Number of protein chains: 2
Amino acid sequence: MSSPSRRSTIVTLSKLAGVAPSTVTRALRGDTRISEKTRQRIAALAQEQGYTPNVLARTLSSGRSGLYGLILGPSSNPFYSELLHEATRQVESLGYRFLIIHAGSGPVEERTAEALLQYQVDGCLVSSAIQSSRVAEVCEKNAVPLVMVNRVALQHGCAVTCDNRAGGRDLARLLLESGRRKFAVVTTSSYSSTAQEREDAFVDELARAGLSLAHRYDGKSHYEGGYEAGLELAKLSGAQRPDAVFALSDIMAMGLLDALRLKGVAVPSDMAVVGFDGLPAAARPIYDLTTIEQPLTTMIERAFALLANRVATPSLPDETISLKGRLLIRGSSGG
Amino acid sequence: MSSPSRRSTIVTLSKLAGVAPSTVTRALRGDTRISEKTRQRIAALAQEQGYTPNVLARTLSSGRSGLYGLILGPSSNPFYSELLHEATRQVESLGYRFLIIHAGSGPVEERTAEALLQYQVDGCLVSSAIQSSRVAEVCEKNAVPLVMVNRVALQHGCAVTCDNRAGGRDLARLLLESGRRKFAVVTTSSYSSTAQEREDAFVDELARAGLSLAHRYDGKSHYEGGYEAGLELAKLSGAQRPDAVFALSDIMAMGLLDALRLKGVAVPSDMAVVGFDGLPAAARPIYDLTTIEQPLTTMIERAFALLANRVATPSLPDETISLKGRLLIRGSSGG
DNA sequence: TGGTCAAGTGCAAACGTTTGCACAGTTGTT
DNA sequence: AACAACTGTGCAAACGTTTGCACTTGACCA
């Protein structure tokens with residue numbers, strides 16, 4: 001029952017330095033009750049001995065693990081990959097680490113949710129299109145702060161989202177202002193708060209202009225679904241064919257655009273296409289996609305701020321933050 | 001200095017059950033020295049009290065954290081996202097968890113590598129196009145098993161790779177057999193063992209047919225680089241223009257194809273294009289890319305087997321496993 | 001000279017779980 | 001009746017770090 005390599009510990013350093021372990025701990029943590037001379041002497045010794053603190057032991061006594069649990073959405077949407085990388089970059093700079101609780105589709109298994117408790121994570125960041133209700137339950141029951149990114153919290157927890165309604169509205173206005181009059185939406189049949197808000201706002205804005213949605217396709221939240229929708233749209237001709245399509249996510253917009261291209265439908269002259277999310281791939285010349293770019297960096301900053309505040313003060317009430325996205329007007333919408 | 005929610009512990013269960021904590025531990029772990037009756041009684045009590053073991057405390061005494069460290073490559077290549085999801089799915093089923101050490105480009109910071117020791121990870125899985133030499137050093141020095149996936153280990157550690165040479169060779173043969181005679185390669189200037197092997201094998205096979213590489217472009221390992229290479233290729237005309245291009249990764253092949261499409265170069269009639277990796281996106285009708293599909297699931301299974309063996313037996317020698325990829329012949333190579 | 005205060009450090013228990021060794025009770029055998 | 005073996009469980013220290021409380025020493029003041 002020993003550490004694999006008999007590494008330096010507080011106790012071994014204390015023996016070498018001729019002081020108590022508590023003195024070593026305090027010296028290394030910069031406690032000014034320990035004299036400057038002693039602090040410097042112990043810091044030098046720790047450096048020389050290659051001491052690395054054991055955070056697991058520290059957690060046992062301090063109650064803080066320095067871990068956040070992470071629940072990540074499916075690989076079929078590159079948005080989650082972008083989110084992972086940005087979140088990981090920020091968590092590192094905060095001096096925290098991510099413990100992956102779950103990644104990908106499907107509900108979170110019971111024992112997976114338990115990992116949050118087993119590893120005593122300080123908080124949990126969820127960005128998953130699937131409702132992680134079991135995770136929310138475990139967090140609530142055990143006073144673990146939880147923040148959802150790009151999802152509205154239906155139960156316990158905070159959330160940071162893009163202002164989906166404002167985005168949907170802005171896109172509708174852009175299309176109306178450029179003269180489009182017949183609209184389609186590529187959405188997702190499985191419940192998604194983000195999709196619902198984006199579509200509702202889009203439709204509401206059309207209604208204000210006395211117009212309505214002519215077609216609605218289930219793009220199933222992935223590229224292939226957008227592609228299928230594009231094939232269906234390409235079959236329409238004449239007055240039936242919409243002159244503008246809103247794909248509720250960039251990944252579906254990309255599928256849609258590829259299908260239209262292969263079927264010879266000219267974008268934007270025959271049909272304008274807009275998306276949502278602001279994936280880097282949306283900027284590619286082949287797509288040139290007009291989209292709402294989610295303020296991902298800021299969303300994640302705010303998410304970590306919510307977590308940090310609730311680690312410090314567990315009784316803070318739940319909070320939802322909505323941040324406005326940025327309309328990126330590119331070639332796919334004309335104008 | 002208390003647990004956030006005063007959860008059940010071994011000690012609290014032992015008091016309720018009227019037995020010693022060691023009895024509770026042994027009962028919950030199925031030790032048959034504890035009577036069946038006692039084991040059942042304690043299991044029921046644990047269930048009733050909502051007991052969840054604290055793995056951090058367990059690690060302190062057992063020396064096993066149930067954590068693997070993960071170092072992930074950049075988000076600009078979706079291959080790494082695929083790898084993350086598959087690896088996470090497998091690690092869950094093994095009863096382990098991933099601690100994210102690093103994700104994305106750039107060298108791993110000193111304190112980031114130290115996290116491996118701080119959290120007492122049982123092993124480390126690296127899949128990063130950047131040499132993680134500091135991580136390898138920390139692992140070697142502290143007897144932490146390390147396995148690289150899709151990278152040849154240059155220092156301490158094991159590796160599981162796709163047989164890049166066989167793949168490069170197979171692609172060369174395919175192009176030769178379909179009558180192609182003037183070749184280009186889109187590679188990466190920064191050192192990559194995978195790219196080097198793929199290109200070397202491709203060029204060697206051409207040489208065996210008395211042919212050589214006509215053009216070589218630095219695609220910088222990302223979509224945009226492949227796209228730039230495509231623009232350059234499209235500028236060539238007549239006898240100068242290659243009739244076949246090997247992009248050393250699918251992500252570059254996708255950029256290449258998009259550029260060729262926008263410049264009106266017909267694939268595969270004017271120019272055959274092949275890639276490597278087997279990204280799901282390669283199968284999209286818009287790309288229809290002929291590629292070598294890396295056996296990702298098996299590679300990760302083998303990687304975990306290497307880790308598990310070395311957790312159990314730390315002195316096992318380093319090992320490199322090379323697994324043959326699968327040639328997927330699609331429209332982009334003709335025939 | 002004695003009392004008080006401040007500075008600097010130590011003691012020891014705790015965090016939650018594990019495990020080597022020990023002990024008690026029961027049963028079987030001589 | 002005594003002893004040995006077996007079964008079932010307990011003791012207590014340990015893993016590495018933290019921290020509330022305590023102690024010692026020196027300086028200062030009345």
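Owing to the predicted nature of the structure, the values given are computational and were not obtained by experimental measurement.
- Applying the salt bridge (Lys or Arg N to Asp or Glu O under 4.0 Å) criterion to Glu92(A), with sequence neighbours excluded, gives no partner residue.
- Comparing the end axes of the helix from dT1(C)-dA30(D) to dT30(C)-dA1(D), each fitted to five base pairs by superposing C1' atoms of four pairs onto the next four, gives an inter-axis angle of 70° (nearest 10 degrees).
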Restricting to nitrogen or oxygen on both sides, can you table the protein-nucleotides 25-27 of chain C pairs closer than 3.5 Å?
none

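- Glu140(A) is linked by a salt bridge (Lys or Arg N to Asp or Glu O under 4.0 Å) to nothing, counting only residues two or more places apart in sequence or in another chain.
- Residues passing the salt bridge (Lys or Arg N to Asp or Glu O under 4.0 Å) test with Arg97(A), sequence neighbours excluded: none.
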Below 3.5 Å between N/O atoms, which protein atoms pair up with nucleotides 5-11 of chain D? Just atom names and distances, please.
unit_1: dT9(D); atom_1: OP1; unit_2: Ser35(B); atom_2: OG; d: 3.3
unit_1: dT9(D); atom_1: OP1; unit_2: Thr38(B); atom_2: OG1; d: 2.7
unit_1: dT9(D); atom_1: OP2; unit_2: Ser35(B); atom_2: N; d: 2.6
unit_1: dT9(D); atom_1: OP2; unit_2: Ser35(B); atom_2: OG; d: 3.2
unit_1: dG10(D); atom_1: OP2; unit_2: Ala20(B); atom_2: N; d: 2.9
unit_1: dG10(D); atom_1: OP2; unit_2: Thr23(B); atom_2: OG1; d: 2.3
unit_1: dG10(D); atom_1: O6; unit_2: Arg26(B); atom_2: NH1; d: 3.4
unit_1: dC11(D); atom_1: N4; unit_2: Ser22(B); atom_2: OG; d: 2.9

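- Applying the salt bridge (Lys or Arg N to Asp or Glu O under 4.0 Å) test to residues at least two apart or on different chains, none of the pairs has a partner in residues 65-77 of chain A.
- Residues passing the side chain to side chain donor-acceptor pair (under 3.5 Å) test with Glu86(A) are Arg89(A), Gln90(A), sequence neighbours excluded.
- Under the salt bridge (Lys or Arg N to Asp or Glu O under 4.0 Å) criterion, Arg29(B) pairs with no residue at all, not counting sequence neighbours.
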Scan the side chains in residues 303-316 of chain A for donor-acceptor partners under 3.5 Å anywhere in the protein, sequence neighbours excluded, and list what turns up.
unit_1: Asn309(A); atom_1: ND2; unit_2: Ala305(A); atom_2: O; d: 3.3
unit_1: Arg310(A); atom_1: NH1; unit_2: Leu306(A); atom_2: O; d: 3.3
unit_1: Arg310(A); atom_1: NH2; unit_2: Pro317(A); atom_2: O; d: 2.6
unit_1: Arg310(A); atom_1: NH2; unit_2: Glu319(A); atom_2: OE1; d: 3.4

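- A search for ring-ring contact (aromatic ring centres under 6.0 Å, His included) contacts involving Tyr51(B) returns nothing, not counting sequence neighbours.
- Within the structure, side-chain hydrogen bond (donor to acceptor under 3.5 Å, both in side chains) contacts touching residues 38-50 of chain B (residues at least two apart or in different chains) are Ser35(B)-Thr38(B), Glu36(B)-Arg39(B), Glu36(B)-Gln40(B).
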